[in-house]
Amino acid sequence: MSKYDFVKNSNLVIQAKLLRQTNMYPYFRSISSPQSNTTIIEGKEVLMFGSNNYLGLNNHPKIKEAAKQAIDKYGTSCTGSRFMNGTIDLHLELENELKDFLDKEAVIIFPTGFQVNTGVIPAMAGKGDYIFIDELNHASIIDGCRMSVAQRLKYKHNDISDLSRKLNRVKNCEGTKLIITDGIFSMDGDIARLDKITREARKNDAFTFVDCAHALGVIGKHGAGTASHFGITDQVDLIGGTFSKSMASVGGFVAGNNDIIDYLRHASRSYMFSASLPPASTASVLAALKLIKSDDSFRQNLWKNTHYALRLMREHNLDIGLAETPIIPIYIRDSILTFRVAKELLDKGIYVNPVVAPGVKETDALLRFSLTAAHTNEQIEYAIEQISNTIKAHIPQEALCL
Ligand SMILES: Cc1ncc(COP(=O)(O)O)c(C=O)c1O
């Protein structure tokens, strides 16, 4: 067997080839404009319902100006890790602003949100410890767990009785217990039942860590995330997240009390041994934060659009499960059909993300439709009408889950 055979024969490569041959391959499409309510993809302007630009800040003049000024002052890179030569005063300013915004004692910022999870989780739970994760947690949480030698116990999605059973299983065991959940689930779009999770944590003396990647800017006071949404910030030990969605930039953060954050400063390997957030990105997050704190209209528009889209989709009898946030899963429940519908929609000028296994369970293959504050009612109406017609051309009305 040649050394390349395992690559050529991998199911991933075979599926990608088949999708390319049938003109349904949906990945790595080239974008040549800012992403707003419309975007230019492969040379054609389309309605953008597949971004994470929830507040529509991606092309905001004040954020762009802040990034440009930071490049003029600091250059394009920090040239090293926070630990050594890569801490600039803007990083400290951002950490300071964020701790106030999130109502926590301290914050550290990471190069990406993915690195938050691969850095924080192995540092918080190791040999003899236990990690409890929701079965639908993001890949970066799964990978963070894989990097830890702690025992991992998966509980059913948002099922607090199952979490309680899993906690009970190790009730008398020594070792740290760490419960981790997405704040808003990245594909199914529902909100974690964090109030109930923290109650279980208290009963079992467990740490709680909520990843607010999709909740930041979207729920909670001025968009402070899921803990703030439930009014339980003081009961959540760690709040993590990313700047790559509502904050119109890149990077990640974790917030907690002084002791834990100081520990993570010296124990979180992806924080210590990776180049720090570039000046332009740091400055753009600071500018976005300023806008979010002073102007709730972005979030209000996002929620107006979300409620409108949810209502229209339910009127069209689309299968959207428990959708309740700007991430709306439209379940197709068949991978190939999901790719086909996404391609047909793109041809009609509407961009949505097809999501199949392993991103979701095979039977939960879905179109991920996401809103921004910048969408207009007409754009939402047109997109949903087209989505409904396209799906119904493939799936008879009576087979749609009502
Ligand atoms: C829940 C969650 N955590 C972390 C990440 C990774 O964030 P980043 O893009 O900053 O690496 C994502 C990205 O989609 C996410 O959905």
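Atoms within each ligand, like the ligands themselves, are counted from 1 in listed order.
- With a 4.0 Å cut-off on non-hydrogen atoms, Gln115 does not touch ligand 1 at all.
- The atoms of ligand 1 that sit less than 4.0 Å from any heavy atom of Ala213 are 1 (C), 2 (C), 3 (N), 15 (C).
- Side chain to side chain, Lys348 and Thr390 meet the donor-acceptor criterion of an N or O pair below 3.5 Å.
- Nearest-residue assignment for atom 10 (O) of ligand 1 (options Thr181, Thr242, Asp182; heavy-atom criterion): Thr242.
- Ligand 1 lies less than 4.0 angstrom from a heavy atom belonging to Ser244.
- The Ser186 neighbourhood of ligand 1 comprises atoms 16 (O), with distances under 4.0 Å to a heavy atom of that residue.
- Taking every non-hydrogen atom of Thr112 and a distance limit under 4.0 Å, the qualifying atoms of ligand 1 come out as 10 (O), 11 (O).
- Considering only non-hydrogen protein atoms, atom 16 (O) of ligand 1 sits nearest to His214 NE2, 2.6 Å.
- Atom NE2 of His222 sits about 9.0 Å away from atom OG of Ser228, to the nearest 0.5 Å.
- Of the possible polar contacts, one joining the Lys44 side chain to the Leu346 backbone as a donor-acceptor pair under 3.5 Å is found.
- Checking only distances, Asp211 does come within under 3.5 Å of ligand 1, N or O to N or O.
- When only interatomic distances are considered, the shortest N/O to N/O separation between Gly113 and ligand 1 falls below 3.5 Å.
- Ranking protein heavy atoms by distance to atom 11 (O) of ligand 1, first place goes to Phe114 N, 2.9 Å.
- Counting only N and O atoms by type, the side chains of Glu385 and Ser388 include no donor and acceptor under 3.5 Å apart.
- Proximity of a side-chain donor or acceptor of Asp129 to a complementary backbone N or O of Lys177 within less than 3.5 Å is not detected.
- Residue Lys245 places a heavy atom under 4.0 Å from ligand 1.
- No side-chain donor-acceptor contact under 3.5 Å links Asn52 and Ser244.
- To the nearest 0.5 Å, the span separating CZ on Phe185 from NE2 on His138 amounts to 12.0 Å.
- Under the 6.0 Å distance and 45° angle rule, Arg311 does not count as a cation-pi partner of Tyr308.
- Atom 5 (C) of ligand 1 has His138 CE1, 3.5 Å as its closest protein atom, hydrogens excluded (heavy atom only).
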